[in-house]
Undergrad: 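I have a structure I would like to understand better, so I am pasting it below and will then ask my questions one at a time.
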Amino acid sequence: MTYEEMAPVVEAVDIGKRFGSTVALDRAGITVRAGETHALVGRNGAGKSTLVDILTGLQAPDTGRVSFGGRAAPPPGDRDAWRRQVACVYQKSTIIGALTVAENLFLNRHDRGAGGLIRWRALRRSARELLAAWSVDVDVDQPASALTVEQRQFVEIARALSFGARFIILDEPTAQLDGTGISRLFDRIRALRAQGVTFLFISHHLQEIYEICDVVTVFRDARHIVTAPVAELDRAALVAAMTGEDVSLAGDTYRPPPPADAAVRVVVRDLVTASGAGASFEARTGEVVGLAGGGSSGKFEVAEALVGLAKPAGGKVTVDGRTLRRGSVPDALAAGVGLVPQDRHRQGLVPLLSIAENVTMTVPGRIGRHGLISPARRDAIAHGFITDLAIKASGPHVPVSDLSGGNQQKVVMGRALAGDPKLLVLVTPTAGVDVRSKQTLLGVVDQVRGRGSVVLIVSDELDDLRICDRVLVMVQGRIVREMQAGWRDNDLVAAMEGVDLDHV
Amino acid sequence: MSDTLSSTTAAEAPPPPATRRIPALARLRDLALVPAIVTVAIVGYIVSPVFLRTDNIINVLQSMSEIAIVVLAETLVLITGKMDLSLESTFGLAPGIAAWLIVDPAVTHGLGLHAVPGALAIPLVLLTGALIGAFNGLLIVRFGLNGFIVTLGMLIVLRGLLTGISGGKTFFALPESMTYLGSASWLAVPASIWISLILFAVAVVVLGYTRAGRSLYAIGGNADAARAAGVRTDRVVWLTLVVAGTLAALAGLLISGRLASVTAAQGDGAIFQVFAAAVIGGVSLNGGKGTVFGAFTGVLLLFLIINVLTLAGVPAQWTNFLNGAVILVALVVSRVTGGKAQT
Amino acid sequence: MSDTLSSTTAAEAPPPPATRRIPALARLRDLALVPAIVTVAIVGYIVSPVFLRTDNIINVLQSMSEIAIVVLAETLVLITGKMDLSLESTFGLAPGIAAWLIVDPAVTHGLGLHAVPGALAIPLVLLTGALIGAFNGLLIVRFGLNGFIVTLGMLIVLRGLLTGISGGKTFFALPESMTYLGSASWLAVPASIWISLILFAVAVVVLGYTRAGRSLYAIGGNADAARAAGVRTDRVVWLTLVVAGTLAALAGLLISGRLASVTAAQGDGAIFQVFAAAVIGGVSLNGGKGTVFGAFTGVLLLFLIINVLTLAGVPAQWTNFLNGAVILVALVVSRVTGGKAQT
Amino acid sequence: ACNRDSPAATDAGAAAPLVGVDYPRSDTDFWNSYIKYVPPSAQAVGVELKTTNSQNDVAALISNVQTFVSQDVKGVVMAPQDTAAIAPTLEQLATKKVPVVTIDTRPDTGSVYMVVRADNRAYGTKACQFLGAKLGGKGKVVMLQGDLASINGRDRTEAFNDCMKNDFPGIRVFGEVTDWKGDVAASKLQTRLASDPDVKGVYMQSSFALSGTLQVLKQKGLQVPPSDPKHVFIVSNDGIPEELKNIKDGLIDATVSQPADLYAKYGLHYIKAAIDGKAFQPGPTDHDSTIIKVREGLLEDQLSAPLVTADGATIGGEKTAKYDDTSLWGNNS
Ligand SMILES: Nc1ncnc2c1ncn2[C@@H]1O[C@H](COP(=O)(O)OP(=O)(O)OP(=O)(O)O)[C@@H](O)[C@H]1O
Ligand SMILES: Nc1ncnc2c1ncn2[C@@H]1O[C@H](COP(=O)(O)OP(=O)(O)OP(=O)(O)O)[C@@H](O)[C@H]1O
Ligand SMILES: [Mg+2]
Ligand SMILES: [Mg+2]
C-alpha cells in the first residue's frame, strides 16, 4: 500500500481561523493517514495549536471543513462524539488542580457501578495502575495541584493514551519532560503505533521528529507549506521550510572561557533550600554557568532560592559584593538579578496586561520618575524587545494572553533582560520555543555575557547547556560534578543520572 | 540529542507506599467546623440548659431548614464557579407568584387574581423557580454576561416584581396546598426538616458519586479542561442554575407554608447569610471546591450561634455586633482547624 | 516537492506597523456605557425637560458623589482581585465613631461622650476608616482568610458596632467640622461634587501612570507573577484595603455632612449598588481588569436612571422593578457595545 | 436561667412571672426608645423579663417565640411588623395557653389578648389636616414614604392620600418611596424640588428623613420662618426629642408623637393582667384612650398619638400638643 492509498484518519481542508485582527490559520490543511506518526512543525505562532483545537472540536473553524475517516466531523456541541474520534494532550494544561489525580485521569469517564454511582475504590485502583505503567510515582488521592510540572504532564499523557483512541494528538508533550520521561513516552508511542494507532505529534525538538515520525507537515505564518516523509526532508530543509529562509543552524558556539583572572561577580555559598538541596559555586565576569540535573535533582529549588522566589534555609548569595536578602525578590532585583522562572504561566506573566507592561514590570525605575510612568518610554523599551527577540505581535499593546506559547516565553525572557541584569538566571529558557527563536534567545545570552554579566542556565536541555562555559551537575540535591565546555553528550547525560561512565 | 533518550538506564527510585494521608485530610476539612459547633453547643448549654432540649434543637433545625435549602442551591452554583444572588428574590417571588395567581381577592381585600386552582400551587412555585434559573442561564451562558452582576440585577428586578404584584402587601389566606409542606409534621418532626435533610443527603450522593455531580467540580475547577474532557459545560451550568432556582423556590414555599403568608420582603437580605454559611462551610467562591456536607455544617453553626445569642438575651443593640463577631471567630477557627488559606 | 522548500526565500513578513488599534479599543471599552448614558439622558429629557437643567444635573452629581467615592474604593480593591463588602459599614461607622466621641450628651439627650474636641473630627473619621482597612488586611493578608467572607463578617460587626454605640439612635448636633465638607458649596457647586471628581481624577492618574497603580493590575492579573517581578504583593494589597477604608470613611463624612446626622443605618445595603456600579462600569470581579473612569460611568448611569424614574413619577410599587430592569438592560447594552464576554 | 438584660430579674423575686418581650428592631430612634422603656415598665408591673430582637424579620420572630416557649414564659409581648405571617405562631401560642399582647400592629387573623397601638391611619390623617390647613387647600406637597412592604408606612400613606383626595382636592401629592433611608429621601426631595420648585409642604412618615430634609431646604435657601411666603411646611412623625427641638427652633412645623413610653408601659401592663386572669371590655380607659373591639377575640387599646405643633393650636377640629408639653415622651427621655 503506498502512502497515497492509505485512508486518511483525519482530513482538514482550507481551514481559516481569525482571532480579532490576528490570522491564526489561513486556508491551511492537513491530512493524517492511518497508522502513521505525523509531525506538525512550525515556528511559534504558526497556528499549530489552533489547528489542534479545531481538530479536537474545541474551536470551530471560520472556514473549511474537518472530516474523520471520510465522514464529516461531529457538531461542535457533541463532545462525546469528538472524543470518540480523537484523544489529545493539549499544549495548555487541562489538569484540574482541585480534583484528585485519580479523578483527573478519569474525568467524565468515571468507573460506575450499581445505580450509575461512581466506584471510587475501583477508580483509584485503575488510576494507580495507569500511573504505575508510566512509572509515575504519585499518590493518586492527592489534589493534582500538588504535582510537579512534569508529573502533571504525565498525567495528561497517561490520560490521553488510555482512552483506547485510534488517533492521538500530542501538542508539545515533551516540552516539560526530562530525558528519561521523553524516552518513556517514545517507547509507549512506538508500542501503540505497532498496534496501528495514529499520532499527530507537535514538537520544537527536531531530532524528536526524526526519531519517531514518518511524515512531517510544516506550517508557516498560518499557512500550510509542505507535507513530506521525514526521510525526504533533511534538517536544513525542514528549518528552511519553517523559517522561510536558508539559515545555517548554529555552528560551533564554542568560545574560550573567560580568563581565569576575571573578577568573581557572583558567589553562592552553602545555599540550602527548604527541601534540603544545597549548592556552592562562584562565577566570574562574562561567565555562563549551567546547572543541570534530572527531574528531582533540586536544581529548580536552588534557582528559586537563589533569586528570592523561595526562602532558603541557609547560606548566602552575593552579587558584586552585595549580599542578597533571603527570600526577597525586590532585593534580588535591586542587586541586578534577572529571572526566567520555570512555570511561566504561573510566575512569568500577567496575561491580561500588555507586552509592554509585562516586559517593564521589573524595571519601574527605567520607565519614569517619582513613581510616574511614561507610557512612551515604556512602549519604546517594549518595541526594542519585540524586535530583538522576534516576538510575533502587532505591537507592544497586545495583551500577553493573545500570544502563542513560544512568544509568551519570549516576553518572559524580555522581562528578565529589562533590568540589564548582572546575574541572569534562566530556568529552562527554551522550553516550547521554536528552533529559530531558540537561536535568538541563546544569542541574547551571548550578548549579556559580552557585557560582563553572569548567566546561570538551569536546564537539562543539552542545547541550552552547550553554550555554557561549564556545567554543574546536580544529583539528589548536591552538585556532584563540574564539566568544562566541550563535554560529550553521553557524559553529561550520564552525570545527570548519577552514573559516571568513565569509572564504570 | 537522541543519545539522551537511549541512555536512560538508571532505575527510578521505588515509589513510596501509596499513603492515605491526603483524603483523610480532605475528609477532615469537611469536619473543620465540628469543633466550632461543639464549642457553641457547650457554651449554649452553659448559657441555658434549654439549649440542648429536643424542642429547642427542633426549633433550630426548623428555623434553618428553608435557608439551608437555599444554601444548598447556592453551593451547587458556587461549585461550578458561578454565583447566584437572585436566589433570595426567587425565595420570595416564586411562592408570591403562586399566591397572586391563586388567592381570592374577595377574602384578601383585593389582593390576588384567583385565576388558578389551589391544587396547582406546588408545580407553579417550582416552575417559577425553574424559569428564573433558566432566564439567569440565558443571560449568563448564552449572552456571556457576568453572573454576579446579572443575578444582582435579577435580585432587584424579582424583588421589584413581587412588590409590584403585591403592591407591597402580604399575601395571606393561602391554599392548603401551599401551607401543607411548611407546616406539617411527620413523625413528630416538622416536614421542612425532613425535606431539607433529604435534599442534602441526595446532594451528597449526586455530587460525590455521579458523573453529573463531579462535572460541577470539573467546571468550577477549570472550565476549559472540563470541556476538553467532554463535559457539556454550558448545559451543565445552565441546568445547575435551573436546579438552584427550583430549590430556592421550594425553600420559599416551605417558609410561606410555615408563616401561612408571603410578604413582599420574603427573603430580603438573606443572601448575605447564605453566602456566609456556604463559605464558612468551606465552599470556595472561585469554584471547584467545597462539599454539600460542609455547607450544611456552615448553616448549622450560624443558626446555633443565633440561637445561643437569643437564649443569652443579649442586649438588642449588640446582637448584630456579636453575631458578626462570632462569624469572624468561626472563620478564624475553621481556618486554624482547616489549616489552609481560604480562597 | 522540494521546490516548495527552496522557493520559500521571502523574508519574514515584516511586523505590521505598530498599530494603535488595541489601545483605542481598550479606550472604547471605557466608553462602553456612554451610549447607554446618552440614551437615558434623551429619555430623561423627554420625560421631563427639567432633567437637563443645571440644578437637576448638580442634584444628580451631588446625590451620587458619596456613593461614587465608595465605588472608587471598591474598584481599587476589585482590581487587586479582592473584595471589600465592609465598605458600606465603614461608610456609616467612621463618622458614627467620630460623632459618638464628639457630640455633647447634654444637647442630644444622652447620646455621645463629648470626649474629643470637634476640630479632630475629620482626622478621626479618616483614621477610623484606615484602621478598619488595616484590620481587614490583617485578616486577609496575614491570616490568609477569604476576603469576601472576612469583609462580610466585618460588614455585620461594624454595622453592629454602630448600632451598639448609638443605641440605634441618630447622632444629631454634629460639629461644624463634620458638616462643612458635606454641605459647603465651592464656586456654586457642592463641595462633595468637587471632592469626588478630584478623587476620580487622581485615581485615573495613579492607576494609569504610576508604578504603584499598575502593580494593582499586576496583582489582580496574576499575583504569583507580580511577586516574581518584585512587587510586594502583600504590602500593596494591604495598603489598598487601607486606602479603600479611608475613602469609604471620607464618603461617609460627606453624607453625614449633607444630612447633618449619622443614622445607625447609614450605608445599609449600599454595597449592592456599589458592586453594580463597578461591574456595569467594566470592573472585573476576578481582578486585574477595569478602569476608574469606567467605574465612574457605572455610577453615573445608575443615578441617572434613578433620577429619571423619580422625575417620571413611576408608581411606587414598580420603581424597584424598573430600576433593576434598567440595570439589566444597561448590562446587555454594555455587553453589546463592549463586545467581549464579561468576567 | 441566666439573663443579663433584665434589671427586673434581680429584685422582682422568684414569684414574678416570666414574660418574653420581642423587640422588632434596634436600628431606629423610635424603637430604641421603646427598648429603653421596657425594663423599667417590667419592674413596675412586677414581671421577670426575657428579651429577644427579631431585626424586622418575621422568621426570626417566630424562632424567638419558640425560644420563649422552651423557656416556659407565661406571656409574650411582641410587635410583629408583618401582621399576616404571624398567624400560625399565634395559633401555636394559643394552644399552649400563652397569652399574647401585640404592640404597634394588629394581626390580620388570629386572636390576641390585647393590641396596644396608636392608629397609624390617624397619623396620616393628622398630617394631611395640618398641611391642608396651612396651605389653604392648594399647592403641592411631597410625601416621603418608607418602604412599601411596611404595614405602618402603608397605613400612613393611604390615610394621607385619602384625606387629601377627600378634603383638599386642590393639593397635589408626590409620593416618594425611600426604603426608610435618609440619603434616598434627601435626593428624591431634591429631585422633586428641582422639577417642582413650588412645593410647599413635606410629610415625612418617620424621623429618619428629618435632618436630610432640613439640609436640602437649607441648601435651597428655603429655610425661612412660616411668615415668609417661601416657607415649606414640614410634618414629621415619631416625636423623638430632636423633632421637638426642631419645632421649637421653627425648623419644622409639626410631628406626630408616637407614644414609645406608653407602648412599653401598657404592653407589660396588659400582659401582667392576662397572667393574673383579668378581662377587659370595650370602652374608655383610665389613661385617656379607648379600647375597641376590632373583631371577635381581638381587643385594641388605641393610645392617643397627639400631633405636636409650635403653638398647640387646634387643627382640623382636634387639639394638638405644644412642643414643650411634659406629657410627651420626647420631653422625658
Ligand atoms: N485566543 C486567542 N486570541 C487571540 N489570538 C490568539 C488566540 N489563540 C491563538 N492566537 C494567535 O493565533 C496565532 C497562532 O497561535 P497558535 O497557538 O496556534 O500557535 P502555535 O503554532 O501553537 O505556536 P507555539 O509553537 O508557540 O505553541 C498566534 O499569533 C496567536 O497569537
Ligand atoms: N472526589 C473524590 N475523590 C476521591 N475520593 C472520594 C471522592 N469523593 C468521595 N470520595 C471518597 O470515596 C469513598 C467512597 O468510596 P470507597 O468505598 O472506595 O471508599 P474507601 O473504602 O475509603 O476506599 P479505599 O479504602 O479503597 O481507599 C468515601 O470515603 C469518600 O470520601
Ligand atoms: Mg502551540
Ligand atoms: Mg509552543
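Every chain is numbered from 1 and lettered A, B, ... according to where its sequence line falls, protein lines coming before strand lines. Basis for what follows: all heavy atoms, side chains included, without hydrogens, waters or symmetry-related copies.
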Undergrad: Within the supplied structure, the quantity of interest is the number of heavy atoms (other residues, nucleotides, ligands) at a distance under 6.0 Å from C:His114 NE2; does it exceed 12?
TA: no
Undergrad: With chain D, which of C:Ala264, C:Pro49, C:Ala260 has the greatest number of heavy-atom pairs at distances under 4.5 Å?
TA: C:Ala260
Undergrad: Compare every heavy atom of D:Arg192 with every heavy atom of C:Thr310, then report the nearest pair and how far apart it is.
TA: O-NH2, 2.7 Å
Undergrad: With a 4.5 angstrom heavy-atom cut-off, could you sort out which part of C:Gln62 is near chain D: side chain, backbone, both or neither?
TA: side chain
Undergrad: If I measure from the heavy atoms of chain D, does C:Arg53 come under 4.5 Å with its side chain, its backbone, both, or neither?
TA: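 It is the side chain, since no backbone atom gets that close.
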Undergrad: Heavy-atom pairs under 4.5 Å with chain C are the metric here; pick the option from D:Ala186, D:Gly212, D:Ser211 that has the most.
TA: D:Ser211
Undergrad: If you count heavy atoms of other groups shown closer than 6.0 angstrom to NZ of D:Lys265, is the number above 12?
TA: no
Undergrad: Looking at D:Lys220 and C:Asp55, what are the two nearest heavy atoms and their distance?
TA: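 Reported closest heavy-atom pair: NZ-OD2, 4.3 Å.
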Undergrad: Using a 3.5 Å distance criterion without hydrogens, assess whether the side chain of C:Gln266 forms a donor-acceptor pair with backbone atoms of D:Asp183.
TA: no
Undergrad: What part of D:Leu193 lies closer than 4.5 angstrom to a heavy atom of chain C: side chain, backbone, both or neither?
TA: neither
Undergrad: Which bit of C:Thr163 comes within less than 4.5 Å of chain D, counting heavy atoms only: side chain, backbone, both or neither?
TA: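 C:Thr163 touches chain D through side-chain heavy atoms alone.
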Undergrad: Does any backbone or side-chain atom of D:Glu176 lie under 4.5 Å from a heavy atom of chain C? Answer side chain, backbone, both or neither.
TA: side chain
Undergrad: Give, as side chain, backbone, both or neither, the part of C:Pro190 having an atom under 4.5 angstrom from any heavy atom of chain D.
TA: side chain
Undergrad: Are there more than 12 heavy atoms of other residues, nucleotides or ligands under 6.0 Å from atom CH2 of C:Trp194?
TA: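 Atom CH2 in C:Trp194 is not packed in, count stays at 12 or less.
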Undergrad: Check whether any side-chain heavy atom of C:Phe172 lies under 4.5 Å from a side-chain heavy atom of D:Asn246, and answer yes or no.
TA: no
Undergrad: Counting only heavy atoms closer than 4.5 Å, note whether C:Leu311 contacts chain D via side chain, backbone, both or neither.
TA: both
Undergrad: Of all of C:Gly167, C:Ser166, C:Ala270, C:Ser48, which one pairs up most often with chain D through heavy atoms under 4.5 Å apart?
TA: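 Top count of heavy-atom pairs under 4.5 Å with chain D: C:Gly167.
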Undergrad: At a heavy-atom separation under 4.5 Å, does D:Leu214 approach chain C through its side chain, its backbone, both, or neither?
TA: neither
Undergrad: Could you grab the distance from atom NZ of D:Lys36 to atom NZ of C:Lys169, nearest 0.5 Å is fine?
TA: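 Result: 4.0 Å between the selected atoms.
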Undergrad: Any idea which heavy atoms bring D:Lys181 and C:Asp268 closest together, and the distance?
TA: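 Distance-wise, the nearest heavy atoms are CE-O, 3.1 Å.
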Undergrad: Hey, does D:Lys218 have a side-chain heavy atom less than 4.5 Å from the side chain of C:Ser183?
TA: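 No, side chains not in contact.
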Undergrad: Tell me whether the count of non-hydrogen atoms from other residues, nucleotides or ligands lying under 6.0 Å of OH in C:Tyr45 goes above 12.
TA: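 Count not over threshold, so no.
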Undergrad: With chain D as the partner, which of C:Thr170, C:Leu162, C:Asn56 has the greatest number of non-hydrogen pairs under 4.5 Å?
TA: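 With the most close heavy-atom pairs to chain D, the winner is C:Thr170.
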